[in-house]
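Nothing fancy with the numbering, it's 1 onward along the sequence. Since the structure is predicted, the reported quantities are computational estimates derived from the model, not experimental observations. Just so it is clear, the values below take in all heavy atoms, side chains as well, and ignore hydrogens, waters and symmetry mates.
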Amino acid sequence: MPAGDRRPKITVVGAGNVGASVAQYAVERELGDVVLVDVIEGIPQGKALDLAQAGPVHGYDAVLTGSNGYDETSNSDIVVITAGLARKPGMTRDDLLFKNAEIVGGVVEQVVARSPGAILGVEEVRVPAPAGGRHGGHPRFGPVPHLHRPGAPGLRGERDGLRAGRSR
């Protein structure tokens, strides 16, 4: 982790629903400053601004940056990759896997070039971690398997008439 008074720098690549949720969780838990990256112009900037403006209300003061490039991710301590495509009509699961492996591989190359010591995690739904690691060869690369699973207990609770957190 970083030395001195510097907060950890967390990069989230993919500013869709999962990526934005990861960023929100990170700042609300004061885990560090966050850089949101996405290929769609305006999306990461807008979500970073929304989260920054919510800081005073929710009691956090993290620095949030939105970007369509990777220069702002330099010297990240942690990188979470949620980027990838959703399955489109007519697309096979293999097509989706290979396309997302290509996307994740490109992301790994970009972030490792700028943050060689970072811990990398990839959303397991997008592509199995070994596929991303094969592209980047980064020794600290692995899956983040629980990004979609925390809601399951709440859904079970709703089904069973229980409050959230009481359905285990």
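Between N68 and V39 there is no side-chain heavy-atom pair separated by less than 4.5 Å. Considering only heavy atoms from C-beta on, R7 comes within 4.5 Å of D61 through its side chain. Using a 4.5 Å heavy-atom cutoff, the side chains of V12 and V37 are not in contact. Annotation: side chain of I10 is not in contact with side chain of V35 (no heavy-atom distance under 4.5 Å). Within the 4.5 Å cutoff, the side chain of R114 has no heavy atoms near those of the N75 side chain. Counting only heavy atoms from C-beta outward, the side chains of L120 and V108 approach each other to under 4.5 Å.
Screening V27, V34, D33 for a side-chain contact (heavy atoms from CB on, under 4.5 Å) involving V63 leaves a single residue, D33.
Electrostatic pairing of D94 and K99 does not count as a salt bridge here, judged by no charged N lying under 4.0 Å from a carboxylate O. Taking 4.0 Å as the cut-off between side-chain N and carboxylate O, D77 and K9 do not count as a salt-bridged pair.
To the nearest 0.5 Å, atom CD of residue Q45 and atom CG of residue D50 are 11.5 Å apart. Note: Q53 CD to H58 NE2 = 12.0 Å, rounded to the nearest 0.5 Å.
Of the N and O atoms on the side chains of T11 and T73, not one donor lies less than 3.5 Å from an acceptor on the other residue.
In the hydrophobic clustering of ILVMFWY residues, with side-chain heavy atoms under 4.5 Å counting as a link, V122 and V112 come out together.
N17 and S21 make their closest contact through O-OG, 2.8 Å (heavy atoms, listed as atom of the first residue, atom of the second, distance). Between G84 and N100, the closest heavy-atom pair is CA-OD1, 3.3 Å. Nearest heavy-atom pair, A48 versus G66, reported as atom, atom and distance to 0.1 Å: CB-N, 3.6 Å.
Between the side chain of Y60 and the backbone N or O of L51, at least one donor-acceptor pair lies under 3.5 Å. Formation of a donor-acceptor pair under 3.5 Å by the S115 side chain with backbone atoms of A118 is not found in this model. Side-chain atoms of R93 never come within 3.5 Å of backbone atoms of L97 as a donor-acceptor pair (strictly under, hydrogens ignored). A distance-only check finds a donor-acceptor pair linking the side chain of T82 to the backbone of G14 [under 3.5 Å]. Using modelled atom types, one side-chain atom of S67 and one backbone atom of G69 make a donor-acceptor pair closer than 3.5 Å. One N or O on the side chain of K47 and one on the backbone of A15 form a donor-acceptor pair closer than 3.5 Å.
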**Request:** For the pair L36 and T65, evaluate side-chain contact (heavy atoms from CB on, under 4.5 Å) and give the outcome as yes or no after the intermediate values.
**Result:** CA-CA 6 Å; L36 263 171; T65 305; over 6 Å; no
**Request:** Please assess I81 against E123 for the test side-chain contact (heavy atoms from CB on, under 4.5 Å), listing each intermediate value before the final yes or no.
**Result:** CA-CA 6 Å; I81 303 168; E123 179 190 10; over 6 Å; no
